Amino acid sequence: MPSGTPGGTPPASSPAVLTSQLVNTPALPAALRATMLLRCLAIQGSWNYEILVGNGMGFCVEPALRRLPGGIDGPAYKAALARQSVYFNAHPYLAGLAVGALARAELDQVPPERIERFRTALCGPLGSVGDRLVWAAWLPACSLVAILVFGLGAPPLGVLLAFLILYNIGHLGLRDWALRAGWHHGLRVAQAMGHPVLQHGPRYIGRVSAVLGGLALPLAVHRAIGGEPPLTPVPLAVAVATPVFALVLVRLHGRAEGWRVVLLVLAAFVLYSVVR
């Protein structure tokens, strides 16, 4: 007889059962998804030093809790809402993972003790991953794109729109994905935390930001000091040479002394000024 529960039934934590549960996950209703997503945009509206975004979590999960037996007047609804409105801390853009997972757990009537342990365990990972992906990677990258647009001669409104459109595409997309992934995975939301974008995105976005910085900053400074139009040979050459030079410096790390590199750069600038 196979190991597991009596009669050969596999344990609830076995890979086969977990896979079956994922496959049979009910779809998140469109109306409920839209309501919870809109509420997630205001998850920090009641932020305070005592429970941080705890009230916001209860506010976001509440539409799903109305589907519990007895509705909003039933004891299950009141107990679940109280449970979801205590201390919680997470990155606001990734909090949707917890919102979706906790809503699913409450509707599946998972034991309250397990929900509370799960809720506590989510705080740290959602905070650290979100900070690395958004504040340390996506926000600087969008800012550098806006600086590049400015350096290329765009008017102030164009610079503002470039930043807002690009940034909000990323942040709204992340919120929507997080909510859907949390609902789909439920208590197994750790699988969603392993998504390549969350794990490797900050590194790749950082590399792109380095190139963007090399292109954007020289052009922006050139425009700010009233130089020639950006699409003339000299500004373009500087913008292209800067990231190339940065790449060379990375390759020479540990093999060239800093003062020699600085003297070489100064000599190049002096030669350029004399020839010009």
Side-chain angles (χ1 to χ4, degrees), residues 18-47 51-112 114-116 118-119 122-123 125-126 129-130 133-134 138 164-195 197-198:
L18 294 179
T19 301
S20 175
Q21 291 173 345
L22 281 177
V23 171
N24 297 325
T25 300
L28 179 59
L32 179 60
R33 171 185 169 188
T35 302
M36 294 172 70
L37 183 59
L38 285 175
R39 291 193 176 204
C40 283
L41 297 178
I43 194 170
Q44 293 177 289
S46 58
W47 189 96
I51 60 175
L52 303 183
V53 295
N55 283 332
M57 285 293 296
F59 176 68
C60 295
V61 176
E62 191 272 339
L65 302 183
R66 299 178 187 180
R67 299 173 177 240
L68 287 169
I72 61 174
D73 295 321
Y77 170 87
K78 296 177 181 178
L81 185 58
R83 188 162 47 244
Q84 297 303 331
S85 300
V86 296
Y87 173 89
F88 195 81
N89 187 28
H91 192 282
Y93 297 175
L94 280 181
L97 272 173
V99 171
L102 290 169
R104 170 85 185 282
E106 294 287 3
L107 294 184
D108 288 346
Q109 299 186 24
V110 174
R114 189 179 178 190
I115 292 178
E116 291 172 359
F118 172 71
R119 196 175 186 275
L122 282 176
C123 292
L126 290 181
V129 172
L133 179 63
V134 180
W138 185 244
L164 291 178
I165 292 174
L166 183 60
Y167 180 76
N168 283 292
I169 287 175
H171 115 258
L172 292 175
L174 181 61
R175 284 182 186 267
D176 181 59
W177 169 85
L179 179 61
R180 290 185 290 107
W183 176 272
H184 177 72
H185 290 281
L187 296 183
R188 297 170 298 279
V189 77
Q191 298 180 27
M193 295 288 291
H195 194 282
V197 172
L198 301 184

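What you see is a predicted model; the values in this text were computed from it and never measured.
Between L166 and I169 there is no side-chain heavy-atom pair separated by less than 4.5 Å. Side-chain contact between W177 and L97 is present, with heavy atoms from C-beta onward closer than 4.5 Å. Within the 4.5 Å cutoff, the side chain of F88 has no heavy atoms near those of the V86 side chain. Looking at heavy atoms from C-beta onward, L37 lies out of side-chain contact with L172 at the 4.5 angstrom threshold. Here the side chains of L94 and M193 are not in contact, with every heavy-atom distance at 4.5 Å or above. A 4.5 Å side-chain heavy-atom check between L174 and L133 finds at least one atom pair inside the cut-off.
R104 and H185 make their closest contact through NH1-C, 4.3 Å (heavy atoms, listed as atom of the first residue, atom of the second, distance). Smallest separation of non-hydrogen atoms from A76 and P69: CB-O, 4.1 Å. Taking every heavy atom of both residues into account, A181 and A192 meet most closely at CB-CB, 4.0 Å. For L107 against W183, the heavy-atom pair with the smallest separation is CD1-CH2, 3.6 Å. Of all the heavy atoms in L32 and A64, the pair that sits closest is CD1-N, 3.7 Å. Contact detail for I43 and P92: the closest heavy-atom pair is CG2-CB, 4.1 Å.
Rounded to the nearest 0.5 Å, atoms CG (L38) and OG1 (T35) are 7.0 Å apart. Distance check, rounded to the nearest 0.5 Å: SG of C40 to CG of D176 gives 10.0 Å. The distance from atom CD of Q84 to atom CG of L102, rounded to the nearest 0.5 Å, is 4.5 Å. Separation of atoms CZ (R119) and CZ (R83) is listed at 10.0 Å; rounding is to 0.5 Å. To the nearest 0.5 Å, the span separating CZ on F118 from CZ on R188 amounts to 9.5 Å. To the nearest 0.5 Å, atoms CG (L52) and SG (C123) are separated by 8.5 Å.
Residues in residues 56-78 take part in these salt bridge (charged side-chain N to carboxylate O under 4.0 Å, His left out) pairs, two or more places apart or across chains: R39-E62, E62-R66.
Y93 meets the ring pair (Phe, Tyr, Trp, His ring centres under 6.0 Å) test with H91, W135, H171; sequence neighbours excluded.
The neighbour count for I72 CD1, taken as heavy atoms of other residues, nucleotides or ligands under 6.0 Å away, does not exceed 12.
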